[in-house]
Amino acid sequence: MDRNVRIIGVPMDLGADRRGVDMGPSAIRYAGLAESIEGLGVACSDWGDVHVPRPEGSDPDAGAPASGTAKFLAETETVCTRLAHEVADAVADGDFPLVLGGDHSIAIGTAGGVSRDAETGIVWFDAHGDFNTPATTPSGNVHGMGLAAILGKGPFADTDWAPAPNVAEENVALVGLRSVDAAERPNIRNSDVTAYTMTDIDARGVTEVVTEALDVATDGTDGVHVSLDLDWLDPTEAPGVGTPERGGVSYREAHAAMELISERAADPGRLASMELVEVNPILDRHNQTAELGVELAASALGKVIL
Ligand SMILES: NC(=[NH2+])NCCC[C@H](N)C(=O)O
Ligand SMILES: [Mn+2]
Ligand SMILES: [Mn+2]
């Protein structure tokens, strides 16, 4: 990593059903994130947390579109707008934003900030598509809608805060899909994002799939945002997540993917930003999932075995 890393925490849990994911940033810091980055010879500064309102006293239906459901959408807008400013500031200062969630709804803020003045591709590592809209969501949870919001799908098209300013659908790759809701499936199929399921990884291996995903995200863009939902990994490796799904990638496959990202982190199409989301310490075992997040971030930022 050729830039200073700027850590930005977002203790957000309003986009998910399971409380506790708001403690993710603390758990990841406690697992030694800054020390691990500095150990690579990369300068690192921790800018603390973006303020997140408490759910108590908030009206979950405020801000929801006229048709459909999206819980705490008004608060999500506030948090993501703040985060987008923080991320855009970091980029303008020449720093590399490393965002710690929080639930995956915060990706709307990260993507909005990093793409403010730059064409940005996204590699979205996730068991889920996060491609629901308020019209198709089975849960009303915005963490299942983040990617659709970034791409301005459904009612998100009519908002000025959700669609990322410079992200083209053609430059978005989903990697590791294995849980897609029935009504979410056509949203993905009818879009121009490239989706790699676990079946693709079974058949072709993680190296080939991630190499191709990076081709998608770097083609004609200024940089790539890596959005890493820890439920991308198998729950045996990452038990501390709110929506675990069996059949995820292994520990070694995850490192292989991050090492590929690091190799491709040079201009053009360089690594622009990264986020670690969905770490829930209440559901974790001895902070295993937060520690894994730290390890994977280090691999993405240049850590090698030898
Ligand atoms: N970022 C996540 N963990 N998303 C899980 C989404 C689960 C489900 N598809 C929903 O929309 O409610
Ligand atoms: Mn997920
Ligand atoms: Mn997700």
Side-chain angles (χ1 to χ4, degrees), residues 10 12-22 24 60 64-65 68-73 76 79-80 99-111 122-151 153-156 162 172-189 191 193 195-198 201 213 225-235 237-249 254 257 274-284 289 292-293 296:
V10 193
M12 171 75 159
D13 67 350
L14 301 171
D17 263 334
R18 312 286 293 269
R19 300 296 303 277
V21 70
D22 56 322
T69 47
K71 290 185 254 176
F72 298 109
L73 198 60
T76 306
V79 171
C80 289
V99 177
L100 314 180
D103 71 65
H104 214 164
S105 67
I106 66 165
I108 304 168
T110 312
I122 300 180
V123 185
W124 191 279
F125 293 99
D126 207 323
H128 309 95
D130 294 349
F131 227 91
N132 275 303
T133 69
T136 64
T137 175
S139 63
N141 295 326
V142 181
H143 77 156
M145 310 182 202
L147 192 48
I150 288 167
L151 298 174
K153 299 292 180 184
F156 292 115
V172 175
L174 267 162
V175 178
L177 270 184
R178 57 192 182 277
S179 171
V180 184
D181 303 313
E184 180 185 26
R185 182 168 288 132
N187 296 351
I188 299 176
R189 281 184 164 275
S191 77
V193 307
Y196 300 97
T197 67
M198 284 310 299
I201 295 179
H225 169 55
V226 168
S227 194
L228 176 54
D229 184 331
L230 269 294
D231 69 33
W232 176 52
L233 285 105
D234 194 82
E237 291 299 339
V241 296
T243 46
E245 308 285 350
R246 293 178 76 184
V249 298
M274 182 172 184
E275 67 199 338
L276 301 171
V277 299
E278 297 285 338
V279 172
N280 187 328
I282 287 180
L283 304 169
D284 208 359
T289 307
L292 177 59
L296 294 175

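Count residues from 1 along the sequence. One-based numbering, in listed order, for ligands and for the atoms of each. This structure is a prediction, so every number in the text was calculated from the model and none was measured. Computed over heavy atoms, backbone and side chain alike; hydrogens, waters and symmetry mates excluded.
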Exercise for the section: Would you mind reporting whether Val241 and Leu283 have side-chain heavy atoms less than 4.5 Å apart? Expected result: no
Exercise for the section: Would you confirm whether Glu278, through its side chain, and Leu230, through its main-chain N or O, come within 3.5 Å as a donor-acceptor pair? Expected result: no
Exercise for the section: Could you check which N/O/S atom of Asp229 is closest to the Mn ion (ligand 3)? Expected result: OD2
Problem - Protein contact of atom 3 (N) of ligand 1 - nearest heavy atom, named by residue and atom, plus distance - result: Thr243 OG1, 2.9 Å
Handout entry: Over all atoms of both residues, closest heavy-atom pair of Ala127 and Asp231
Key = N-OD1, 3.2 Å
Handout entry: Side chain, backbone, both or neither: Asp229 near ligand 1, heavy atoms under 4.0 Å
Key = side chain
Exercise for the section: May I ask you to identify the nearest protein heavy atom to atom 7 (C) of ligand 1, giving residue, atom name and distance to one decimal place in Å? Expected result: His128 CD2, 4.1 Å
Handout entry: Residue, atom name and distance, where the atom is the protein heavy atom closest to atom 12 (O) of ligand 1
Key = Ser139 OG, 2.5 Å
Problem - Exercise: do Asp130 and His128 side chains pair donor with acceptor under 3.5 Å - result: no
Practice task
Just go through Glu184, Met145, His143, Glu245 and tell me whose heavy atom is the nearest to atom 5 (C) of ligand 1.
Solution key: His143
Handout entry: Side-chain (Thr76) to main-chain (Phe72) donor-acceptor, under 3.5 angstrom
Key = yes
Handout entry: side-chain contact (heavy atoms from CB on, under 4.5 Å) between Leu233 and Leu296, intermediate numbers included
Key = CA-CA 11 Å; Leu233 285 105; Leu296 294 175; 3.8 Å; yes
Practice task
Looking only at N, O or S atoms, find the one in His128 nearest to the Mn ion (ligand 2) and name it.
Solution key: ND1
Completion exercise
heavy-atom search around atom 11 (O) of ligand 1 in the protein gives Asn132 ND2, 2.9 Å
Completion exercise
Row for the Mn ion (ligand 2): angle OD1 (Asp126) to OD1 (Asp231), 10° precision, value 80°
Handout entry: Protein contact of atom 9 (N) of ligand 1 - nearest heavy atom, named by residue and atom, plus distance
Key = Asp181 OD2, 2.6 Å
Practice task
Please work out whether any backbone atom (N, CA, C, O) or any side-chain heavy atom from C-beta onward of Asp130 is under 4.0 Å from ligand 1, and answer side chain, backbone, both or neither.
Solution key: side chain
Handout entry: Asp103 (side chain) donor-acceptor with Ser105 (main chain) under 3.5 angstrom
Key = yes
Exercise for the section: Check His104 and report its N/O/S atom nearest to the Mn ion (ligand 3), by atom name. Expected result: ND1
Handout entry: Those atoms of ligand 1 less than 4.0 Å from some heavy atom in Asp231
Key = 3 (N)
Completion exercise
In short, Arg178 meets Met198 closest at the heavy-atom pair CD-CG, 3.7 Å
Exercise for the section: Classify the side-chain pair Thr133/Asn187 by whether it contains a donor and acceptor separated by less than 3.5 Å. Expected result: no
Practice task
Could you verify whether a donor N or O on one side chain and an acceptor N or O on the other, from Asp126 and His104, lie under 3.5 Å apart?
Solution key: yes
Exercise for the section: Among all protein heavy atoms, pick the one closest to atom 6 (C) of ligand 1 and tell me residue, atom and distance. Expected result: Gly144 CA, 3.7 Å
Practice task
Measure from the Mn ion (ligand 3) to every N/O/S atom of Asp130 and report the name of the nearest one.
Solution key: OD2
Problem - Atoms of ligand 1, numbered as shown, that sit under 4.0 Å from any heavy atom of His104 - result: 1 (N)
